[in-house]
Amino acid sequence: MKKLIFTTLMLACTMVMMAQKPAQIKFDKTTVNFGTITEKSPIATSIFTFTNVGEQPLVINQAIASCGCTVPEYTTAPIQPGQKGEIKVTYNGEGKFPGHVKKLITVRTNGAVEMTRIYIEGEMLESK
């Protein structure tokens, strides 16, 4: 009898957990254009806003930029369902060639879609 009750309880718990949708990140924009920067002022910052549209808390496990000149900053605290969060991305073009800039940031979460790519882009002008 104890086995039957335990099995029924485990089945009920599993069904409840499966009924809830996992966390899910939804960005307002996946590409942010920081405009123009110059060799004299080569630093630009962009902010990506996102919402947890799932039913579980969202945790950003990692945000990795495609190169060392780009640094993402994000909260490690869980984002509750319906709440918003931000990822701040700073680009430092010191010593880089002038021209169009496009950098990739890979965001890994505990969400239904585990990996999302976001981009910053802009134009670096030569100092005269």
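Every value quoted in this text rests on a predicted model; they were computed, and no experiment measured them. Counting begins at 1 with the first residue of the sequence.
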Does the plane of the ring in Phe48 sit parallel, tilted or perpendicular to the ring in Phe27? Use 30° and 60° as the thresholds. perpendicular
Check: Glu121 side chain, Lys102 main-chain N or O, donor-acceptor pair, under 3.5 Å: no
Please confirm whether the backbone N or O of Ala77 pairs with a side-chain atom of Thr75, one donor and one acceptor, at under 3.5 Å? yes
To check you understand the geometry: which heavy-atom pair defines the closest contact between Thr38 and Ser127, and what is its length? CB-OG, 4.3 Å
Is the shortest heavy-atom distance from the side chain of Asn110 to the side chain of Leu58 under 4.5 Å? yes
Can you find a pair of side-chain heavy atoms, one from Gln80 and one from Asn52, that are under 4.5 Å apart? no
From CA spacing to verdict: side chain to side chain contact (heavy atoms under 4.5 Å, CB included), Val113, Ile25: CA-CA 8 Å; Val113 176; Ile25 194 167; over 6 Å; no
Write down the atom of Ser46, the atom of Phe34, and the distance for their closest heavy-atom approach. OG-CB, 3.6 Å
Give, for atom OG1 of Thr45 and atom NZ of Lys88, the distance between the pair rounded to the nearest 0.5 Å. 5.5 Å
Would a 4.5 Å heavy-atom cut-off, applied to side chains only, mark Asn92 and Pro42 as touching? yes
Is any side-chain heavy atom of Thr106 closer than 4.5 Å to a side-chain heavy atom of Met115? yes
A side-chain contact here means heavy atoms from C-beta on lying under 4.5 Å apart; do Pro98 and Leu125 qualify? no
Do the side chains of Phe50 and Ile60 get nearer than 4.5 Å, heavy atoms only? yes
Looking at side-chain heavy atoms only, is the closest gap between Tyr91 and Ile37 below 4.5 Å? yes
Atom pair CD1/CD1 of Ile64 and Ile105 - distance to nearest 0.5 Å: 11.5 Å
Would you check if Arg108 and Glu114 make a side-chain contact, meaning some heavy-atom pair closer than 4.5 Å? no
Tell me the closest heavy-atom pair linking Pro72 and Ala63, and the distance in Å. CG-O, 3.3 Å
How close do Gly85 and Ile79 get, counting heavy atoms only, and between which atoms? CA-CD1, 4.4 Å
